[in-house]
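Heads up, the thing below is written out as structure tokens.
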Amino acid sequence: PEETVTSSFAAFIHAVRPEHLSKTVCHRSKRMILDSIGVGLVGSTTHVFDIALQYCQLYSSVAVSSVYGKPGVKLSPTLAAFTNGVATHSMDFDDTWHPATHPSGAVLPALLAASQMLPPGTKPNGVDFLLAFNVGLEVQGRLMHFSTEAHNIPKRFHPPSVVGTMGSAAATAKLLSLSAAQCAHALGIAASLAGAPMANAATQAKPLHIGNATRLGFEAALLASRGMEANPSILDDIPGCSGFSAFYSVYQPKPLSTPSDHHEFLLEKQDIAFKRFPAHLGMHWVVDAALSVRNLFINYAGSFSPSLIRTIVLKIPVSKYINRPFPSSEHQARHSFQFSACTALLDGEVGLSSFTESSIHRQELRELLDKVVVEHPEDNVANFDKMYGEVALLLHSGDVLTGKCDTFYGHWRKPLSKESLLKKFRSNASHVLPEEKIETIITMVDNLENLSDSSQL
Amino acid sequence: VHSMDFDDTWHPATHPSGAVLPAVIALSEAFPQKKKISGLDLLLAFNVGIEVQGRLLRFSSEARNIPKRFHPPTVVGTMGSAAACAKLLALDQLKCKNALAIAASYAGAPLANAATQTKPLHVGNAAKHGLEAACLASQGLQGNKQILDMESGIGAFYTDYNPQALPTLQSYPWLLDQQDVAIKRFPAHLGTHWVADAASSVRRKLVESSDNLLPLDKIEKVILKVPEVKYVNRHSPTSEHEARHSFQFVACSALLDGSMSVQSFASENVHRPALRELLCKTQLEHPPDNTPSFESLYCEVSVILRDSNTISDRCDTFYGHWRKPLKKEDLEKKFQSNASSVLPAEATEGIIETVYNLEKVEDCSVLSTFLSGQSARELSEKL
């Protein structure tokens, strides 16, 4: 076999074993699994989820896989993956990595659906499951390192639709124990199913990106398992005929080391950010900054009095799709620096209810939004590792109060504590599940390595 | 439809029909019994799907040449399918817009899977995903209303992108009116059709009658002057998919056999020693004036003999190209030859009849019935 980048990926996926996982990687990835499930559960209460589910129920062929939040409802495996993926990203509440993508939503739903699909007697155990999950993450991370473009907040293609599809194919190929050649073909087929443009971010269609990433990657692995073949050098850079490189203007692939050498998973060095409220990651800096200046303001004025404020200045990085002065839908609101700042100022917190129709359209909020002015300091780079958020209140009295946030709570530099993560999970899951089920999931994920049949999850 | 690379090709380059027809036929079968879709409805929806593809292809100058990055059917084909299905579903304007927006998020597959078994999925998925987008839109899902306007919309698939609004419906200038499609005579990449015609003509000059075998040992070299298209440049193809994407293979096949057919790509033929021997003597040249565009490319085949004589011929426009379209008899012959491999004669006749008179057909589900292999007699009993 030639030493191509693609074959090194296929070899990695095929040959990596649970022993290769480190403690840190296990720990972090289990946190991600828990968060992702919770987010998917609460996501099952959204309108976009309803549309996706109704659509999938038209096709009831081999309905064996479960759907978040809908006990008794089953769909065919790839459609269950799709629906659950849509749920996971429906509120933009899911995890974010660096370089930027939403890794778990693209992988977990496919694995859950696949484990239900496998016949009894061949069910993967918790360790297999955890390994496959990490293969899915690792492949996504490695692919993003092939292009410098990927380090900044995206402009052209929505990363989950590019690398997420590949990650899902890799993870499912691992769970299904495909041969190395089949793993390569799964990646090749998946590339032909990847790639959605950014323009649908901040619309109701955005959750489809994760839904399709996880479903189509899964499909690619299934097709590969049935013998379908694709270009064996899909990840390599072949001038004149684009493979995976088609999605980037600069692309420099590198082979993966085989797991027998000391392989360090990317998750070891680079943790994930978990969101505290359901909005684009960029909003989290601005909210923490707004909360900090709000405290200053309350100390100054005794209470939050908007009439004292002349102008609100936001210092944010340049990123068109999250700069919206007057969002009119929940999807737009989740992608609006202005909205997040004003909500935080007004309410002292941002949560699920901040994005309801009535909250979005309230008069007091509109008045505050009117006072907002946006600035793009040169040192504020559109990059989740480097950006900051600054909120300044210019008062009628001439005084200026400022709050700045370099690292919000939940960012990989300041990770959520176990309690905070569990609090988020319980809050999300309680929308659709009873308490005992919630606690069972928490225990099961925490002890994933000891689970004998992962389809129980 | 795309499994053998036998389907139609347009200019700017894409395979328009395969991305649209399967979706509209499937959709027409899904309507409840009492709602009949007429042949005219089907024909209109089909044309909407084709037109949208053509218009989108004109938004980028990159699209005029043979692709290098994304396989066009996966970009514009998905959009065309969404448009056609939205039309057939009679969606309102807003939902049509959303169907396009949603479809964009399914569009785009890289070219590297051409010449592999995965390539046919490109057209299959274009049709399927476009249909899915239209269905989701009809259920109320919304996307970006400016999906065709923004660089970060469909523009993401091109390095230069200049969208334009469509002309008004008042005497609408359909692209298919000004620019016909090319229909293939054998199942391989369109670029190889120029090669086949030139090579067949050279062969006729080389042997007295088509019964004579090609004098292999008298041939020193075979030189092909073709445009530079990396994914069709394969010196030694090993699978049928690779063979369909190889200038060299088609040239040698046509030289050996006199013409190309579906059989030319069967495993025995791909691997026969005479062909392999001839392939070893074949090389490509890329004259700078041979631009990689289906509108302007040419092919010159030169066979250099051991006694230094050279026999060559050049093909500027192959038979089946839009400048030299297939005659009605030849189109029907291709159809019959293809269809008869799986359908009975009555069904193939029925399909030809139905399609020719599509505007007058009241209920286009007759087409689906023929496709499923039932005869006209069974059909009228059913009705």
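Every chain is numbered from 1, with letters handed out A, B, ... down the list of sequences. Quick caveat: nothing in here was measured; it's all calculated off a predicted structure.
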Distance from A:Glu229 atom CD to B:Thr118 atom OG1, nearest 0.5 Å? 8.0 Å

Cut-off 4.5 Å, heavy atoms of chain B, and the answer for A:Ile238 is neither

Ignoring hydrogens and angles, state whether a donor on the side chain of A:Asn200 or B:Ser105 is under 3.5 Å from an acceptor on the partner side chain. yes

Do A:Ser192 and B:Asn113 meet the criterion of a side-chain donor-acceptor pair at a distance under 3.5 Å? yes

Under 4.5 Å to a heavy atom of chain A? For B:His129 that would be side chain

Taking every non-hydrogen pair under 4.5 Å, which of B:Gly108, B:Ser239, B:Ala133 racks up the most with chain A? B:Gly108

Which atom pair, heavy atoms only, marks the closest approach of A:Cys241 to B:Ala112? SG-CA, 3.8 Å

Atom pair CE/CD of A:Met198 and B:Glu151 - distance to nearest 0.5 Å: 13.5 Å

Just so I understand: if I count every heavy-atom pair under 4.5 Å between each of B:Asn98, B:Thr74, B:Val229, B:Leu136 and chain A, which residue has the most? B:Leu136

Rounded to the nearest 0.5 Å, how far apart are NE2 of B:His71 and OG of A:Ser242? 12.5 Å

Picking from B:Ile147, B:Leu111, B:Asn144, which has the most non-hydrogen pairs under 4.5 angstrom with chain A? B:Asn144

Okay, A:Glu219 and chain B: the region with an atom under 4.5 Å from a heavy atom over there is side chain

Given heavy-atom pairs under 4.5 angstrom as the criterion, report whether the side chain, backbone, both or neither of B:Gln146 touches chain A. neither

Counting heavy-atom pairs under 4.5 Å with chain A, which one of B:His122, B:Gln139, B:Lys145, B:Met150 comes out on top? B:Gln139

Select one option (side chain, backbone, both, neither) describing which atoms of B:Ala101 are under 4.5 Å from chain A's heavy atoms. both

For B:Phe70 and A:Ala246 the tightest heavy-atom approach is CZ-O, 3.4 Å

Can you see which heavy atom on B:Thr116 is nearest to which on A:Asn231, and at what distance? CG2-N, 3.5 Å

Shortest non-hydrogen contact from A:Pro197 toward B:Ser152: CB-O, 3.1 Å

Of the backbone (N, CA, C, O) and the side chain (C-beta and beyond), which part of B:Leu141 lies under 4.5 Å from a heavy atom of chain A, both, or neither? both

Drop me the distance from A:Ser329's OG to B:Gln142's CD, to the nearest 0.5 angstrom. 8.0 Å

NE2 of A:His209 to OH of B:Tyr106: how many Å apart, nearest 0.5 Å? 9.0 Å

Is it true that, when you exclude B:Lys128 itself, more than 12 heavy atoms of the residues, nucleotides or ligands shown sit nearer than 6.0 Å to its NZ? yes

Cut-off 4.5 Å, heavy atoms of chain B, and the answer for A:Ala230 is both

Hey, what do you get for CG (B:Leu121) to CE (A:Met228), rounding to the nearest 0.5 Å? 5.0 Å

